[in-house]
Amino acid sequence: MESSRSNQQKFLIILYSTTVISVFQLLFLKISPHLFSILNPLPFLIIGLAIKYSDFLKSCALALLILVFMNFLSEDFSPKQLIIFHFVTSFVTIFFFGSYHLSKKINLDSSNLLSGIIIFFIFILTFFYLLFFNDFEYEKLNAFVQKSINQIISNYGLQKNNELDKVIQIVMIILPSINSLIFFMTFSLNFIFSKFVLKKLMIKPVENINFIDFTTPLWFSFIYLLMLLIVLTQNQNSQMFVLSINTLICMSFSFLLEGYIAFNNHFKKIKINNFIKFLIIFLLFVFLGYVLFLILLFLGLFENISKKVNKKK
């Protein structure tokens with residue numbers, strides 16, 4: 001009797017979790033594709049934190065089957081792009097939580113765990129880059145970017161700059177890593193927000209996953225310096241340079257995170273209203289943009305070096 005009740009409860013948990021993932025994905029997509037691209041990982045992370053890992057796996061698989069079935073009935077309601085996004089996001093989230101559970105078994109700290117995930121992601125990115133991103137694909141993407149920029153210039157009546165072609169070439173070189181960096185940051189923000197949502201709903205996470213004590217490991221810093229050395233010494237037209245600069249940018253996320261944690265710790269000490277704090281951070285991102293990311297990057301590098309020096313003392 002007890003076993004039957006337990007199985008029924010487990011079934012309901014999986015059913016409710018599947019519903020939350022499916023409904024919110026469809027809702028975000030119908031409201032705005034831009035909102036969907038930003039908040040797509042949120043329902044996965046909320047459910048992944050709230051239920052057991054095995055139940056989360058089943059919920060993701062069941063939600064995928066539901067979306068495929070709905071696509072079979074009506075492609076307008078559940079487009080193929082949604083299925084692809086669901087598969088990719090669920091895979092990344094499953095890998096993230098799976099890595100955490102594995103790290104607990106082998107006593108791996110959060111710093112080495114997250115750094116290891118970044119390195120693994122870079123290997124996957126490099127594999128797909130070498131396998132699929134050939135000269136033909138590069139020319140197609142380059143032509144698309146050129147066409148988009150020319151259309152913007154035409155629509156707004158701007159004058160074309162002679163240096164624009166050089167800028168486009170630089171963007172084309174670092175595009176894979178920029179997209180990856182944006183994904184890392186979006187995923188991290190959704191992770192923070194998912195913990196906030198569970199706290200407001202008074203739902204205790206199954207696992208207390210946090211990276212508040214994150215510090216970039218020494219081995220990761222050595223690889224980062226090696227990539228920087230390769231970037232500075234290689235010819236800019238070589239494939240080694242392209243792979244190295246993209247690897248360097250992806251790895252910068254580790255120091256960005258460390259810089260953000262240091263900034264957040266200092267910011268918490270300021271005794272002002274939380275809404276005003278949020279407004280200040282929002283305005284910093286709006287007016288500083290990429291400059292703020294550079295500040296966080298250098299702050300992270302400074303914090304990391306300071307910790308290493310203090311540890312030796």
Side-chain angles (χ1 to χ4, degrees), residues 13 16-53 55-56 59-60 63 82 85-86 88-101 110 113-114 117-118 121 179-214 253-254 256-268 270 272-286 288-289 292-293 296 300:
I13 288 170
Y16 291 149
S17 301
T18 303
T19 305
V20 169
I21 292 172
S22 304
V23 168
F24 274 93
Q25 278 199 299
L26 288 166
L27 188 64
F28 291 150
L29 185 63
K30 295 302 176 183
I31 293 172
S32 168
H34 296 295
L35 184 69
F36 175 78
S37 63
I38 296 169
L39 296 178
N40 183 38
L42 184 62
F44 292 93
L45 289 165
I46 290 172
I47 298 301
L49 286 167
I51 66 176
K52 290 181 180 178
Y53 184 64
D55 294 337
F56 176 63
S59 300
C60 289
L82 177 61
F85 267 101
H86 174 92
V88 173
T89 309
S90 60
F91 173 79
V92 171
T93 318
I94 287 167
F95 176 75
F96 173 73
F97 286 116
S99 300
Y100 173 77
H101 285 285
S110 60
L113 166 65
L114 193 56
I117 290 174
I118 294 169
F121 188 88
N179 286 331
S180 302
L181 200 60
I182 291 169
F183 176 77
F184 285 153
M185 290 187 288
T186 305
F187 192 87
S188 301
L189 290 172
N190 276 282
F191 179 73
I192 294 167
F193 190 47
S194 64
K195 295 185 79 172
F196 173 77
V197 170
L198 288 177
K199 186 178 179 180
K200 288 297 178 183
L201 293 173
M202 291 185 288
I203 299 173
K204 188 179 179 181
V206 174
E207 298 287 350
N208 184 26
I209 307 173
N210 68 74
F211 299 97
I212 197 166
D213 298 321
F214 175 80
F253 174 74
S254 178
L256 270 172
L257 179 61
E258 200 165 350
Y260 167 77
I261 292 169
F263 170 78
N264 193 42
N265 289 337
H266 289 299
F267 203 60
K268 280 180 180 177
I270 302 172
I272 56 175
N273 186 275
N274 287 330
F275 176 75
I276 297 173
K277 283 186 180 181
F278 174 79
L279 190 62
I280 292 170
I281 293 171
F282 177 76
L283 291 172
L284 284 171
F285 274 102
V286 169
L288 294 179
L292 182 61
F293 289 125
L296 290 176

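Since this is a predicted model, take the numbers as computed values, not measurements.
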Inset, instruction - Can you run down the side-chain hydrogen bond (donor to acceptor under 3.5 Å, both in side chains) pairs that involve residues 194-208, sequence neighbours left out, and say none if there aren't any? - result: Lys104-Glu207

Inset, instruction - For residues 179-189, pull every pair meeting side-chain hydrogen bond (donor to acceptor under 3.5 Å, both in side chains), keeping only residues two or more places apart or in separate chains. - result: none

Taking side-chain contact (heavy atoms from CB on, under 4.5 Å) as the definition, give me every residue that meets it alongside [X], ordered by chain and number, with sequence neighbours left out.
X	result
Thr93	Phe44, Leu45, Phe56, Thr89, Phe97, Phe187
Phe211	Phe96, Ser110, Leu113, Leu114, Phe191, Ile209, Phe214
Ile31	Leu27, Leu35
Leu198	Ile46, Leu49, Ala50, Ile203, Pro205

What distance separates [X] [atom1] from [Y] [atom2], expressed to the nearest 0.5 Å?
X	Y	atom1	atom2	result
Cys60	Phe91	SG	CZ	12.0 Å
Asn190	Phe183	CG	CZ	9.5 Å
Phe184	Leu257	CZ	CG	11.5 Å
Leu39	Leu29	CG	CG	12.0 Å

Inset, instruction - Verify the neighbour count for atom CD1 of Ile212: are there more than 12 heavy atoms of other residues, nucleotides or ligands below 6.0 Å? - result: no

Inset, instruction - Taking atom OH of Tyr16 as the centre, report whether more than 12 heavy atoms of other residues, nucleotides or ligands fall under 6.0 Å from it. - result: no

Legend entry - Non-hydrogen side-chain atoms of Phe193 and Val197 separated by less than 4.5 Å: yes

Legend entry - Test side chain to side chain donor-acceptor pair (under 3.5 Å) applied to Asp55 - qualifying residues, sequence neighbours left out: none

Legend entry - Ser59: side chain to side chain donor-acceptor pair (under 3.5 Å) partners, not counting sequence neighbours: none

Legend entry - Set of residues satisfying ring pair (Phe, Tyr, Trp, His ring centres under 6.0 Å) with respect to Phe95, sequence neighbours excluded: Phe120

Identify all side-chain donor-acceptor contacts of residues 18-25 below 3.5 Å with residues at least two apart in sequence or on another chain.
residue: Thr18; atom: OG1; partner: Ile14; partner atom: O; Å: 2.7
residue: Thr19; atom: OG1; partner: Leu15; partner atom: O; Å: 2.8
residue: Ser22; atom: OG; partner: Thr18; partner atom: O; Å: 2.9
residue: Gln25; atom: OE1; partner: His86; partner atom: ND1; Å: 2.8
residue: Gln25; atom: NE2; partner: Asn40; partner atom: OD1; Å: 2.9

